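Take a look at the structure below.
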There are 2 protein chains.
Amino acid sequence: MEKAASQRASDIAYDKIRQFVLSGHAEPGDQLTEEQLARISGVSRTPVREAVRRLENELLIVRSDSKRLFVADWSADDIDEMFVLRGMIEGHAASRAARNISVRQLEEMGRISDLLDAAVTANPPDVAAFLAHNRSFHDIILEAARSPRLSAMLPKLIEQPVVSRTAQQYRVSELLQSARDHRELIAAFAARDSHWARAVMTSHIRRAFHAFSITTKRPRDQYQAND
Amino acid sequence: MEKAASQRASDIAYDKIRQFVLSGHAEPGDQLTEEQLARISGVSRTPVREAVRRLENELLIVRSDSKRLFVADWSADDIDEMFVLRGMIEGHAASRAARNISVRQLEEMGRISDLLDAAVTANPPDVAAFLAHNRSFHDIILEAARSPRLSAMLPKLIEQPVVSRTAQQYRVSELLQSARDHRELIAAFAARDSHWARAVMTSHIRRAFHAFSITTKRPRDQYQAND
DNA sequence: CGATAGACATTTGTATACAATAGCGTCAAC
DNA sequence: GTTGACGCTATTGTATACAAATGTCTATCG
């Protein structure tokens, strides 16, 4: 696995604990003690505490009434809710980006979009590359939105268990549609049309939710209650 | 000032540092060192670090390219953006609450609304009480929305410098309208009408933004660009 | 037999000492 | 005079020891 990004112990702890939780080594509801996590990560409790704070903030870990740590439990409704929020916020980000994006950023998005197409049309599709470029693409939008608030909130919704699990299982048809969305987003940005950008982004996210629902074979009675 | 809530050193540090930043003892852009903050809070660096993490998350403090701490700078656009996001998210919370709220919670909101009215119609208006009850009111909505995600995100947007500064300066007419909003929210909840609830909440927040704009005498050219 | 208090174990919280790193100034070489 | 390298200082990062708090088990009393 890749650690590369940083050698700070608290980051190592973050990665290890995150992986520990996501890989299913711990069941939702299981208690986690700082010492145990320190052993797993190979660092002392101090950086573990920092890592835990981050994970807690991302709602992968929760704290009991008083201070004991547990693996968070994500209900179907939680997941739906997460996608709803993400749709709202990313839609808003796209709307802002359409107003603020620079020519240079637009060109960069075009280049990334080419890479996305290449990854999708490869045989077999290069999902890892797709994910990486998809990430870059959305990062540029966030950057173009020029709002520290958005930049702070979105990672919390994106870096969630479901997302990583989901994207791995996209089917080719979904990847193709996703690539088309990216092209349309660029068009909306180029036209400086914030409404268009928001709409495309919203359906983009919503589709991801449906893809997730299907791949996880969950009955879809939870989203018809939306208004 | 009130500390009451907790005697944990990290909470003390949080309160003290927050107050230090908001009271204007530190200018936006000023560097803050952990040791300095530890001296101010009267605790060691360890809990200070936890407090700083929280404040960083709430965007009251920012970290430079590498790890040095500075007082965050809130531009006019940042503030507008904060209110926009808050409107979106609180609107969504209200929408969810309308679907999920319990009779008991509705009754509780009625009681709080009475207290709000009392605070507003007192002579002079009891702003402190108004703020406290307003807070309780919104807490119930958040609770009724039954979404950990929302509960985690909102405090970040609400517990901001501007909010506390703003509310102190509400004028009586604004307090009255605010109290009316609360009554209407209760009506929307009682009717289980999520659209109504969302709309009332959205204008409620938007009005707060305008009240803020006026009290801070900022030219209001920033919000006509919204879509 | 059930409840409750108290001792004991487990877990989190804090302080302090030390290590690593980033910023900054100085001095030397060209 | 400018530039670059070196070392010093300021600041953040980590480990460890200890303190406080929370949960749990058991024994005793009603």
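In what follows, every heavy atom counts, from backbone to side chain, and hydrogens, waters and symmetry copies are set aside. Just so it is clear, the structure is predicted and the values come from calculations on it, not from any experiment. In what follows, every chain begins at residue 1, and chains take the letters A, B, ... in the order their sequences are listed.
- Classified by interplanar angle (parallel below 30°, tilted 30° to 60°, perpendicular above 60°), the ring pair A/His182/A/Phe130 is tilted.
- Going from atom CD of A/Gln36 over to atom C1' of C/dT11 covers 12 Å, rounded to whole Å.
- Distance, B/Tyr14 OH to C/dT14 P: 16 Å, rounded to whole Å.
- Residues that satisfy the side-chain hydrogen bond (donor to acceptor under 3.5 Å, both in side chains) test with B/Arg146, not counting sequence neighbours, are absent from this structure.
- Listed candidates were C/dT12, D/dT14, D/dT12. Nearest to the side chain of A/Leu69 is C/dT12.
- Following rounding to the nearest Å, A/Glu56 (CD) and C/dT12 (P) show an atom-to-atom distance of 11 Å.
- Looking only at side-chain heavy atoms (C-beta outward), B/Glu81 and B/Leu85 come within less than 4.5 Å of each other.
- Atom C1' of nucleotide D/dA15 and atom CZ of A/Arg39 are separated by 17 Å, given to the nearest angstrom.
- Listed pair A/Arg63 / C/dG13 meets the phosphate criterion, a side-chain N or O lying under 4.0 Å from OP1 or OP2.
- Here B/Asp126 pairs with nothing under the salt bridge (charged side-chain N to carboxylate O under 4.0 Å, His left out) rule; sequence neighbours left out.
- Under the salt bridge (charged side-chain N to carboxylate O under 4.0 Å, His left out) criterion, B/Arg39 pairs with no residue at all, not counting sequence neighbours.
- Remark: B/Glu143 engages B/Gln105 in a side-chain hydrogen bond (donor to acceptor under 3.5 Å, both in side chains) (not counting sequence neighbours).
- Judged as a side-chain hydrogen bond (donor to acceptor under 3.5 Å, both in side chains), and not counting sequence neighbours, the contacts of B/Ser113 are B/Arg183.
- Computed from coordinates, the B/Glu50 CD to D/dG13 C1' distance equals 15 Å when rounded to whole Å.
- What separates CD of A/Glu35 from P of D/dA15 is a distance of 14 Å, to the nearest Å.
- For A/Pro47, the side-chain atoms get nearest to D/dT14 when compared with the rest of C/dT14, D/dG13, D/dT14.
- Atom CZ in B/Arg49 sits roughly 8 Å away from atom C1' in D/dT14 (whole-Å rounding).
- If you check every strand for non-hydrogen atoms under 4.0 Å, A/Leu37 touches nothing.
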For nucleotides 16-24 of chain D, give me every protein contact, N/O to N/O, under 3.5 Å, one pair per line with atom names.
| residue | atom | partner | partner atom | Å |
| --- | --- | --- | --- | --- |
| D/dT16 | O4 | A/Thr46 | OG1 | 3.2 |

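- Taking atom CD of A/Glu34 as the reference point, atom P of C/dT11 lies 11 Å away to the nearest angstrom.
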